[in-house]
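One structure below.
Model, not experiment: these values are computed from the prediction. Chain letters run A, B, ... following the sequence lines, proteins first, then strands; residues in each count from 1. All values below come from the heavy atoms of this structure, side chains included, with hydrogens, waters and symmetry mates left out.
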Amino acid sequence: MFDTIMAALGEAFHLIISGNHEVYSIVWRSLGVSGLATLLACLWGIPIAIALGLYSFPGKKLLMSLSNAFLGIPTVALGLLLFLLWSQSGPLGFMSLLYTPIGIAIGQSILITPILVSFTSSALNSTDVEMSDLAKTLGASTFQTNFAIIREALWAILLAVTASFSRAFAELGVAMMVGGNIRNVTRVLTTFIALETAKGEIAFSLALGIILMAIILSITLLLNYCRRE
Amino acid sequence: MAKPQNQRLIVSTTTSLYETGLLDVLETEFEKKHSSIDVAFLSQGTGLAIQTAMRGDADMILVHDPARELKFLQDGYGVNRKVIAYNFFVIVGPKEDPVGINGLSPVQALTKIKGAGKNGSVEWVSRGDDSGTHTKEKRLWTAGGFSVSDLREKSWYLEAGQGMTATLKLTDEKLAYTLCDLGSYLNNYKKGNIQLEVLVEEGEDTLNVYSAIANNPKHFDLSGTSFNASIRFLDFLISEETQEILADFGNEEFDSPLFNPYIPLLASGSNPEMLQWIQELAYFDGTECPQECRYQEGDLYR
Amino acid sequence: MSLKLQLNNVSKRYGNTKAIDSISFDAEGNNIIALLGVNGSGKTTLLRTIAGLERADEGSLSINNEELGLPELRKIATLVFQRTVMFSRSVYDNLAFGLRIRGLEKEKIAGEVSKALEAVGLRDLDRRKAKKTSGGEQQRIALARAFLLNPKILLLDEPTANLDVSSAKIVEEIIKNRRTKDCVIILATHNLHQAKRLADEIFHIHEGRILERATPAEFFTNPRNENTKRFINGELQF
Ligand SMILES: Nc1ncnc2c1ncn2[C@@H]1O[C@H](COP(=O)(O)OP(=O)(O)OP(=O)(O)O)[C@@H](O)[C@H]1O
Ligand SMILES: [Mg+2]
């Protein structure tokens, strides 16, 4: 057990410094796909979170419960659903999203939207009352007040975005079902790990896992570092 | 990423075949010859692989389950089936072989294992995932006169529900027995993942035959180009060069080939017994592909 | 004509608690009003209502005989909170916030901010993160942040509670200098001496009502209300 882990660490290190072409291209693809997924999720997730965190409207409670309920949606189930939708014989087959990186990105963006919405709206919520009173008494309009609160919660929101990205980056079900793990096309880190594990390449798989963790860790550390600056 | 003007040929195949690495080699070779076609392999369990093709999400299948292949053809989903290669399943178990199945026939071995299982002295691990290997295993039990649905109730009959590597690891940990394709076994054994030994070797009952089938363009309303690409790939698979690659694959790494090419066997007539086994298992009424299930087959069946 | 603030039967309930109970008064510019009263008597609620942060359940507020809603009130009234709140930004940004909202130019803002910081003796702190200053410093920042907006109604909720003696003195001086005919200053305090030193008028708030309204001299020497007398002697409880 210990031997395997040490071997994997060595292997991971070796893969990184030797610039293994296959691994690098897969890592870049994963970053691209999950980055796009995060961007898409922000596009609709942040406005929803702002609405939930700063405004009250009918159906807000329902929307919040819904978003909380979908926090733990099984990735394979979502992947399967999208697979059926986007299949040539499914209702959205004409979109040609199955087995494409864009398809994975869209699937992952759906997967992480609840996380993004939940984390962001609660970040906004928790800064709300006193800060908004302060902004208001200093003369801010409702819009300006909300802007100030969003700014105040910026780091917490960035943290939510990072957490969402990590979830997308580390998920397997959607990438596997929607992407199909096609070499050079839709193979991402997690599907690569699944394949190599199935092939019995235990140390290599573990090394890939270490690389995955290292990337997520670096992004989080970078964010924390920037925050301190 | 694929250049957009390239034709994408999606081949849905089984995990045990894909995981040997053979298909990546074939992909490279094929694309060297046909630079305008991008071959993409979807590696799934046999059940899902066939379903994917039935949904129209793949252009052809490369699997090892003759009965389901026939259904795929007869239901109009596929055309132009070609038998490509064969190898053998093996029954593997602990080196000490507590049940003593070494050298027995598969059915005899299973009978002994069942007896020992009843006494609680040994366990059997089934893939339990509806894969081609799983189908084969169920067929072996049935051949021995046992009902699989009864076996599933027994505490010594474990269903892994996972791929071959995971199933082998489970078998290894439990000092149990399982059915496995030779490729997966050698691969994991050479990597030191398992200590299991091959106890029951090749025989008619453990024959494993791989075939390729193109999606039926009439059924799927396929663009002619995608069907064309499937035919090219079929041609490529049965070509002399490819069959040689098949014969050599694994030699270097495992000191033993993982696959036996079928075309030379058919052509040379050097091993009539083997040929007969294969045709009994994987031919339908004496043909690898019924006449009505062929379409623009060209030279495929010459 | 100096500024005139009028409250007309203003009430505010929180659930079953009547935090303020039909309060009416007039106040003119050039005046400092001190609110005295035991904990929970309604001082903060009154200030927040005047600041336009709480919507009165009943009654009306007007400035110069014109009834105002919450947004208008917020534009002309500024409250310094009992519990200081800082944006998680630099001290400079905290002070500049209100000026930026009012659309002032950059140079103008810089000038105003440094003047205001100078006035509370925190000139060197402008680049510091506001949340990384001491409690007393934060209170002074909060005061400077309100002062530089020159509000017509300046509301101070226990402005010197966290300050040392000399800082409190400085702040009291600033408050006194703010007394102009265009500005009504209302402060809530627990410091009777401070009320005596600063106020032109003292309101004794009790259970959400104004029990006594008098000049400091009268208030401390000759209170009319029995409860006010007990309050001054520290015998009144909520
Ligand atoms: N947000 C609120 N929700 C419910 N009750 C409140 C709220 N704010 C104040 N109250 C209640 O209203 C009453 C008046 O409170 P207020 O804060 O105005 O008192 P105060 O005079 O400022 O007291 P202190 O001297 O302790 O600051 C109290 O009974 C208080 O508990
Ligand atoms: Mg108070």
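For chain A, the nearby part of C:Phe97 is the side chain; its heavy atoms alone come within less than 4.5 Å. Residue C:Leu149 touches chain A through its side chain alone, counting heavy-atom pairs closer than 4.5 Å. Contact of C:Arg145 with chain A is made through backbone and side chain together, with heavy-atom distances under 4.5 Å.
C:Arg48 has its side chain within reach of A:Asp133: a pair of non-hydrogen atoms, C-beta onward, lies under 4.5 Å apart.
Residue A:Leu138 comes nearest to C:Arg102 through the heavy atom pair O-NH1, 2.7 Å, listed as atom of the first residue, atom of the second, then distance. A:Leu134 and C:Val85 make their closest contact through CD2-O, 3.5 Å (heavy atoms, listed as atom of the first residue, atom of the second, distance). Nearest approach of A:Ala148 to C:Phe87, heavy atoms of both residues: CB-CE2, 4.4 Å.
The 12-atom threshold is not exceeded at CZ of A:Phe70, counting heavy atoms of other residues, nucleotides or ligands nearer than 6.0 Å. Within 6.0 Å of OH in A:Tyr225 there are 12 or fewer heavy atoms belonging to other residues, nucleotides or ligands. Other residues, nucleotides and ligands contribute at most 12 non-hydrogen atoms within 6.0 Å of the CE atom of A:Met213. Enclosure of atom OH in A:Tyr24 by more than 12 non-hydrogen atoms of other residues, nucleotides or ligands within 6.0 angstrom is indicated. Within 6.0 Å of the NZ atom in C:Lys18, the count of heavy atoms belonging to other residues, nucleotides or ligands exceeds 12. For A:His14, the NE2 atom counts as loosely surrounded, since its 6.0 Å shell holds 12 or fewer non-hydrogen atoms of other residues, nucleotides or ligands. For A:Ile102, the CD1 atom sits in a loose shell: 12 or fewer heavy atoms of surrounding residues, nucleotides or ligands are nearer than 6.0 Å. Counting non-hydrogen atoms of other residues, nucleotides and ligands closer than 6.0 Å to CZ of A:Phe57 gives a total above 12.
Ranked by heavy-atom pairs under 4.5 Å with chain A, the list C:Lys75, C:Arg74, C:Arg83 is led by C:Arg74. Ranked by heavy-atom pairs under 4.5 Å with chain A, the first of C:Leu79, C:Ile76, C:Leu70 is C:Leu79. Between chain A and the options C:Arg100, C:Lys129, C:Arg89, heavy-atom pairs under 4.5 Å are most frequent for C:Arg89. Between chain C and the options A:Leu154, A:Thr142, A:Thr137, the largest number of non-hydrogen pairs under 4.5 Å is found for A:Thr137.
Between the side chain of C:Ser88 and the backbone N or O of A:Glu152 there is no donor-acceptor pair closer than 3.5 Å.
One finds the OG1 atom of A:Thr145 at 6.5 Å from the CD1 atom of C:Ile101 (value rounded to the nearest 0.5 Å). The CE atom of A:Met131 sits 9.0 Å away from atom CE of C:Met86, with the distance rounded to the nearest 0.5 Å. Rounding to the nearest 0.5 angstrom, the gap separating the CG atom in C:Asp93 from the CZ atom in A:Arg151 is 6.5 Å.
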